[in-house]
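See below for the structure under consideration.
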Amino acid sequence: MISRRNFIKTAVLTGVAGALPLYFLRNSYAIYQPEDFVSPLAIPPQLFGRMQDGKKIFDLNLQQSTTEFFKGLKTPTIGINSTFLGSTLRVSRGDKVILNVKNQLNESSTLHWHGVHLPAKMDGGPHQVVEKGQTWSPEFEINQPASMQWYHSHAYHRTGIQVYHGLAGLFYIDEKDSQDFELPDKYGVNDIPLVIQDRDFRQDGSFRYISSMHDQMAGIQGSEILVNGVVRPKLTVKNKQMRLRILNGANARILNLEFSDQREFIQIGSDGGLLEQAVRLRKIRLAPAERAEILVSFSDNEDLMLRHTPLPQRAAMGGMMGMMSRMMGGDDRPFNVMRFVSKKPEGDIIKVPAKMATLPTWISEQPVKTRHFELDVQMGMMGGAARGGNGFTINNAFYDPSRIDEVVRLGAVEVWEFRNNSPLPHPMHIHDIQFRILTRNGKPPALNERGLKDTVLVFPDETVRVITKFENYADDSAPYMYHCHNLEHEDKGMMGQFLVKA
Ligand code: C2O
Ligand code: CU
Ligand code: CU
């Protein structure tokens, strides 16, 4: 007898699912068991660039391709020098870099350097369009602490679908001699990037993107979890202490990760680099675009899972808001993400010093200004039509590339306050800078949210205040973006733009 699970698996692997679209099976993803995780985890290749006249040059080709996520099934994808996703770019603080972004797609695109502090014209937002067949060559200096940043499409109204098909990669900033302790740093050996994404597949292997009102509201969520582009991967652990650099690269899905034995791990870094103090955790929440660096210890002969567990915040939400949130907020059931198997791991376990980094002091400065941002959902029946349709707004306005929403003085320390009036969570991201979180609903943030951040999750009914300093790169005409990093929300209007002016 063939069990339902095995039938599904067989159907998927052999492509004989007949008329059964794979997304029909979305209820099935909670059933993937450890033994289903057999494909070796892929590690994105590194790109170090070539030196020319004192500058590091990177050649990046955006290209159309197909990828075999399932044996015998070809999924149309987009990659950067690759079939799906891109290489890990490695740069060091102080480097001058040139990135030649060549668009070989059959549509226009952009490439944005998420989390990187650089001039607005080099940012790769919706204004730096790379038409098909063209090459765009931004040039800038790396001027921020060691950290894991990333790059992805930021095309006007097309960010969600392009990223979903693979237009994203990692951007590592290294800093020599910046610390008097040594973190695991053998890429792919004891320093492992994990780009976690979810995807839905149709029976012909192609990705299913938005196909319902629900996808539109919650953002697209898939029933298959991919790590570094691999479905149900397994990593064989070779060192006693592993450094995992995790990016939530999903369009919309919020992750709340733990190991299946709920072991303790140490978070050492967040979006902008090392935390001041390491934090011991058993669970870590990452909204789309958020990053975390963690250290995990392994002994011999272990076999465990990294898995998602439902968000306590959503379950706890009461009243109308809670009901709406559970209805519209997308899927939040538990599922396995990947498997770790250890075989005689080697190496030492470093002791993390009490103080790992010194963060900028502007957190204690007097801000010159506080800006307020009201986050709302607009639907026909709630008057969205009057504002130009369904979607998501910031201060009651849909994104308009021809409108400058905020003007910031160069050098200003400012507080930005995000107030979420909608029943959906919004991971709010600001370009150009890294910020620090001051408060969540008036209370100081969790210990692991006290480092440098460029994206912060704002729950329904929550007010989050962040502080930052706009230190460099004044420009009278080229704006930076701020937006919700749920990419379907971003594409549906939840974005604004600001100038930094001298
Ligand atoms: Cu990941 Cu506007 O950015
Ligand atoms: Cu960004
Ligand atoms: Cu949002």
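What you see is a predicted model, and the numbers here were worked out from it, not measured in a lab. Keep in mind that the numbers below use all heavy atoms, side chains included, and drop hydrogens, waters and symmetry copies. As the structure lists them, so they are numbered: ligands from 1, and atoms in each ligand from 1.
One of the N, O or S atoms belonging to His154 lies under 2.8 Å away from atom 2 (Cu) of ligand 1. Distances from atom 2 (Cu) of ligand 1 show that His483 has an N/O/S atom below 2.8 Å. The nearest N, O or S atom of His489 is closer to the Cu ion (ligand 3) than 2.8 Å. Coordination check, His152 versus atom 1 (Cu) of ligand 1: passed, since an N/O/S atom of the residue sits under 2.8 Å.
For the pair Arg465 and Phe418, the cation does not sit on the ring face, since its NZ or CZ is not both under 6.0 Å from the ring centre and inside 45° of the axis. Both tests do not hold together for Arg90 against Phe48: distance to the six-membered ring centre under 6.0 Å, angle to the ring axis within 45°.
When atom 2 (Cu) of ligand 1 is compared with the N/O/S atoms of His431, atom NE2 turns out nearest. The atom of His114 nearest to atom 1 (Cu) of ligand 1 is ND1, with the search restricted to N, O or S atoms.
The backbone N or O of Ser211 lies less than 3.5 Å from a partner atom in the side chain of Asp215, making a donor-acceptor pair. With hydrogens and angles ignored, the 3.5 Å screen pairs a side-chain donor or acceptor of Asp271 with a backbone N or O of Arg291.
The residues Arg450 and Glu276 are annotated as not salt-bridged, no charged nitrogen and carboxylate oxygen being separated by less than 4.0 angstrom. In summary, Glu139 and Lys55 engage in a salt bridge, as defined by a charged side-chain N under 4.0 Å from a carboxylate O.
Draw a line from the Cu ion (ligand 3) to ND1 of His426 and another to SG of Cys484, and the angle between them is 130° (to 10°).
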